[in-house]
Amino acid sequence: MPIPSTIPDGAAPRFVLVATHAEGDSGVFDVHELRGEDPRTAQPSQKESLREGQEPAEESPAGVVLILDEALRPLTGPLSFSYEDIGDLVTWAEARALRWVWESTRYWYGMFLTDGMTVERCWDLGLCRTILSSSPATAGGGYAADARDAPAGDLDAAAPAGPEPGAQGSLFAAPAPRGASAQTVGREFAAQRAAVPRTTAGRKLELLLAAESAGALIAAEIRATGMPWSTRVHRALLEDQLGPRPPEGHRPQKLERVVEELRAALGAPKLNPDSPQELLRALHRAGIDAASTSQWELADHEHPALEVLERYKKLSRLFTSNGWAWLAMWVRDGKFWPDYTVGGVVTGRWSARGGGALQIPATVRSAVRADPGCKLVVADASQLEPRILAAMSRDEALAIASTGKDLYQAIANRGFGGDRASAKIVMLGAMYGQTSGDAGRLMPQLAKTYPQAVGLIEHAAREGEAGRNVSTFLGRGSPGPDDAFAAARRAANSLDATPADQSRADSIARSRGRFTRNFVVQGTAAEWALCWLGQVRLGIRRQLPDLSSRIVFFLHDEVMLHVPADQADEVVRIVHAAAARATELVFRSDLVETPVTVAVVDSYDQAK
DNA sequence: TGTTAGGGCGCG
DNA sequence: AAAGCGCGCCCTAACA
């Protein structure tokens, strides 16, 4: 592609804006309609139906790019590209450290990766829009409304200060066409940049947007790489615990035997143990006075059948959730393929769909194995949430407690007579809003010893109870109260409110308080983890540029890399350094320590 | 027959 | 009666 030759002398390209078409173009699909689709696996019929016109020739344009400078002035006109020839552009842009701006990293970068191309930085407009729309840090909090209501041209005029746009007028002043044209994408990008204020809050927000976008790159890379998974080991494990693979619709032998044992123990020969109703009735008949069949409830009861039931539940879980059917569905070519949704949780955590990627049970982790000559580097941020709370609240006492290896022991030693178990319960209880039991009883002591930390989460709880929103440290806003909250409050405030109305409203308010209380901590921890992950990625790209060490899994505060054995030591160093750097980036302070535990292993079960 | 709600449990 | 937070997935049961 003749990109470089079209750039004026002296111009400084900063962004590569990617869209499906220029205004007036047709014959290419609309990225909005493809969102959520995997370009690699989408059925041909679906893909083709999105193209207006003839058979999709191999040479057909896949989209257009526009090179922009810092002031978002286009340095080129919209240039069509096809998958076949975008490689030169990627090389050119990466050599200049440009940031790729697009609506969906999942879509565009997924495509790049299929063709073996990587990029270093991006701005994911879809993800950033979600953050900006609800962040209290956006100028006046009105980004969403502005973006919707502003007349054409205004958004461009409101772009951040910089060199004035050329006299010929900006491309983005044009009226919005339908679909993701370069003009639409450009206008959205300008609006998003303008929404970030030049304040401390804006600086934090910018970090969050960058981290979220980096996360999107990583999620796409994990999706393209897959997590090494040994079908052989998994099958052996299943046969060992369940017996041979049963015919469709049948229980495996060993599971069936446990069912028989359970029926005998409960004197219920036809019991279906998967039916909570039937099971509860059978328990009652056997003299077990339980209110539900959950393991938590049954732990308080004593009966020979309960040990059998527990064994049944464990094995049944393995069979239904991670058995042969799961293996056939989700493991291909020796890999499990996690499909992440970046920012899929309101707090900013990732969610995942398909295969339960974020719930891989300990029982099957031995099937996650490094290739020959390779290692898994498994790292997790120890006791992350209380450390995050210490940092975001600037609680000096808790910061001091964070400098040891074991935060809970340090808390125990100051205020709880050295009792680690109690210290942990009360700390977790404080972050989750527990009021009962030991957690509730010890709370006053925690509040006295760590007033800043407890004050922060108590304040978040009060805000939530009052129906107001809270925000993470970097500025991700919580969702507002739901309809049930408002309805309950209306009912409680009405003239003929009953005590029941009042207690219901109180209950819902407290529930929201627990949510907002936890939101600030869980959400800020997610931001830290995202920065950590981003720094791990950058470290690998820069220090091990052959890209054979790869991030293959991410789970809230844990990351796994698959690396050549001779790179393992360097990766371990990178992972540690990235954690320290993340803390500096987010909190601009190193008073609180955020140590990570790193294991170099051959299989996942060997980590911790 | 297909959809939805809720119990239960895996992960952090 | 109230009950520590956030998820996804499997199952049954209820309902259209």
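A, B, ... follow the sequence lines: proteins, then strands. Residue 1 opens every chain.
Checked by atom type and distance alone, the side chain of A:K204 never pairs as donor or acceptor with a backbone atom of A:V586 at under 3.5 Å. Not a single donor-acceptor pair under 3.5 Å links the side chain of A:R251 to the backbone N or O of A:E256.
More than 12 heavy atoms of other shown residues, nucleotides or ligands fall within 6.0 angstrom of atom CZ in A:R263. Few gaps surround CG on A:D482; more than 12 heavy atoms of other groups in view lie less than 6.0 Å from it. Residue A:K313 places its NZ atom among more than 12 non-hydrogen atoms of other residues, nucleotides or ligands, all under 6.0 Å distant.
OP1 or OP2 of B:dG8 lies within a sub-4.0 Å distance of a side-chain N or O belonging to A:T293. The side chain of A:S275 places no N or O atom within less than 4.0 Å of a non-bridging phosphate oxygen (OP1 or OP2) of C:dC11. Look at A:K313 and you won't find any side-chain N or O under 4.0 angstrom from OP1 or OP2 of B:dG8. Phosphate proximity of C:dC5 to A:R514: present, with a side-chain N or O under 4.0 Å from OP1 or OP2. Within the 4.0 Å cut-off from OP1 or OP2 of B:dG6, not a single side-chain nitrogen or oxygen of A:Q277 is found. Using a 4.0 Å cut-off, some side-chain N or O of A:S436 falls inside it from OP1 or OP2 of C:dG4. Contact annotation: A:S292 reaches the phosphate of B:dG8 (side-chain N/O to OP1 or OP2, under 4.0 Å).
Within the 4.0 angstrom heavy-atom criterion, only backbone atoms of the sugar-phosphate kind lie near A:G355; the bases stay farther away. No contact: A:N322 has no heavy atom under 4.0 Å from any strand. Here A:S316 lies out of heavy-atom contact (under 4.0 Å) with every strand. Backbone-only engagement by A:A352 is indicated by non-hydrogen atom pairs under 4.0 Å involving sugar-phosphate atoms exclusively. Residue A:E278 is out of contact with every strand shown, counting any heavy-atom pair closer than 4.0 Å. In this structure, A:R504 reaches neither bases nor backbone, as no heavy-atom distance under 4.0 Å exists between it and the strands shown. Residue A:G344 is out of contact with every strand shown, counting any heavy-atom pair closer than 4.0 Å. Across all strands, A:L428 comes closer than 4.0 Å to base atoms (heavy-atom distances). Using a 4.0 Å heavy-atom cutoff across all strands shown, A:A362 reaches sugar-phosphate atoms only and no base atom.
Nucleotide C:dC11 holds its C1' atom 9 Å from the CG atom of A:N272, rounded to whole Å. Between the CG atom of A:L446 and the P atom of C:dG4 there is a distance of 16 Å, given to the nearest Å. Between A:Q502 atom CD and C:dA2 atom P there is a gap of 13 Å when expressed in whole angstrom units. Atom CG of A:L318 and atom P of B:dG8 are 21 Å apart (whole Å). Taking atom CG on A:D482 and atom C1' on C:dG6, their separation rounds to 16 Å, with Å as the unit. One atom, CG of A:L283, and another, P of B:dG8, lie 10 Å apart when rounded to the nearest Å. Going from atom CD of A:Q434 over to atom C1' of C:dG6 covers 16 Å, rounded to whole Å. Residue A:Y604 contributes atom OH, which lies 12 Å from atom C1' of B:dG10 at whole-angstrom precision.
If A:R349 and A:G356 are placed on DNA chain C by their nearest nucleotide, the residue sitting closer to the 5' end is A:R349.
Closest contact between the side chain of A:P361 and the listed nucleotides B:dC11, B:dG12, B:dG8 involves B:dC11. Nearest to the side-chain atoms of A:V345 among the listed nucleotides C:dC7, B:dC9, C:dA14 stands C:dC7. Ranking B:dG12, C:dG8, C:dA13 by closeness to the A:D557 side chain, first place goes to B:dG12. Ranking B:dG12, C:dG4, C:dT12 by closeness to the A:L555 side chain, first place goes to B:dG12. The A:P276 side chain lies nearest to B:dG8 when the options are B:dG8, C:dC9, C:dC5. Of the candidates B:dG10, B:dG8, C:dC11, C:dC11 carries the atom nearest the A:D274 side chain, counting heavy atoms from C-beta on. When the nucleotides C:dT12, C:dG6, B:dG8 are ranked by their closest atom to the side chain of A:N518, C:dG6 comes out on top. Each of B:dG8, C:dG8, C:dG4 was ranked by its minimum atom distance to the side chain of A:T435; first place goes to C:dG4. Here the side chain of A:S351 is nearest to one of C:dA3, C:dC7, C:dC5, namely C:dC7. Looking at the side chain of A:V346, the nearest of the listed nucleotides C:dG6, B:dG7, B:dG10 is C:dG6.
Side-chain N/O atoms of A:R517 and base N/O atoms of C:dG4 include no donor-acceptor pair closer than 3.5 Å.
Base pairing analysis places C:dG4 opposite nothing; no Watson-Crick or G-U wobble pair with both distances below 3.5 Å involves it.
Of all heavy-atom pairs spanning A:V233 and A:S366, the tightest one is CG1-O, 3.6 Å.
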- Item | Worked verdict on A:R349 versus A:E212 for salt bridge (Lys or Arg N to Asp or Glu O under 4.0 Å) | CA-CA 10 Å; A:R349 280 183 171 183; A:E212 189 87 337; over 6 Å; no
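Between A:W326 and A:F336, the gap from one ring centroid to the other is short of 6.0 Å.
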